[in-house]
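These numbers come from the heavy atoms of this one structure, side chains and all, not from hydrogens, waters or symmetry mates.
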Amino acid sequence: MGTFRYLAPEQAAGDPLTAAADVWGIGVTLFEVAVGEPPFGRDDGTGDPDGRRCRRLDRTAPPVASRRRLPPALAAALDACLRPGPPARPSVTELSAALGSARPGARSPG
């Protein structure tokens with residue numbers, strides 16, 4: 001269940017879900033806000049029911065910096081959310097910290 005365009009690869013494939021699927025959805029949303037379109041285009045709703053033709057299962061998301069100039073820390077945080085493998089994505093806590101440190105005027109720890 002969910003909006004097809006925002007489903008994590010593991011969700012589209014019918015695999016078990018973890019918080020990493022939520023991080024993926026956050027990444028897709030932030031990518032779309034930054035770029036003006038989702039990472040895999042607007043026609044991604046054509047995958048078959050088990051997700052085998054789903055583009056996000058066949059390739060990785062393009063780096064956000066390839067579509068829009070962003071501060072490097074913000075681009076890195078966004079790209080990390082869209083890593084294909086759930087273990088490779090940041091936790092929600094790590095993502096929150098990365099986004100907090102990427103905001104203008106944020107002080108680095110220490």
Side-chain angles (χ1 to χ4, degrees):
M1 292 190 59
T3 303
F4 192 81
R5 187 179 309 158
Y6 298 90
L7 298 180
E10 62 273 21
Q11 188 173 8
D15 295 338
L17 300 181
T18 65
D22 294 328
V23 169
W24 173 276
I26 292 166
V28 172
T29 301
L30 292 175
F31 189 103
E32 190 168 6
V33 167
V35 174
E37 65 180 47
F40 296 99
R42 298 200 177 276
D43 62 343
D44 197 27
T46 60
D48 56 33
D50 64 7
R52 281 185 289 204
R53 291 192 327 234
C54 178
R55 283 193 228 169
R56 72 185 70 95
L57 298 176
D58 297 333
R59 64 180 193 208
T60 59
V64 71
S66 71
R67 306 264 180 99
R68 171 117 191 241
R69 187 175 171 158
L70 294 174
L74 180 57
L78 236 149
D79 290 341
C81 292
L82 297 175
R83 292 177 182 147
R89 294 180 212 138
S91 69
V92 173
T93 302
E94 292 166 338
L95 175 58
S96 177
L99 292 174
S101 68
R103 68 176 209 273
R107 293 184 176 193
S108 58

Within the side chain of R68, is there an N or O that forms a donor-acceptor pair under 3.5 Å with the backbone of A34?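 Here the side-chain-to-backbone pair exists.
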
Do side-chain atoms of S96 reach the backbone of V92 as a donor and acceptor pair under 3.5 angstrom?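 No, S96 side chain to V92 backbone: no donor-acceptor pair under 3.5 Å.
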
I'd like to check the side chain to side chain contact (heavy atoms under 4.5 Å, CB included) partners of I26; sequence neighbours left out, ordered by chain and number.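 Expected list: L30, L95.
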
Minimal non-hydrogen separation, [X] against [Y], with atom names:
X: P63; Y: D79; value: CA-OD1, 3.5 Å
X: P90; Y: C81; value: CD-N, 4.0 Å
X: V64; Y: F31; value: CA-CE1, 3.7 Å
X: R67; Y: P38; value: NH1-O, 4.2 Å
X: R89; Y: R83; value: NE-O, 2.8 Å
X: V28; Y: Y6; value: CG1-CD2, 3.3 Å

If I take atom CH2 from residue W24 and atom CD from residue Q11, how far apart are they, to the nearest 0.5 angstrom?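 W24 CH2 to Q11 CD: 11.0 Å, rounded to 0.5 Å.
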
Output the distance between atom CG (L99) and atom CD (E94), rounded to the nearest 0.5 Å.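 If we round to the nearest 0.5 Å, L99:CG and E94:CD are 12.0 Å apart.
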
Spell out, yes or no, whether L17 and L7 are grouped together once hydrophobic residues are joined by side-chain heavy atoms under 4.5 Å, including indirect joins.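 Looking at the clustering, L7 is in a separate group from L17.
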
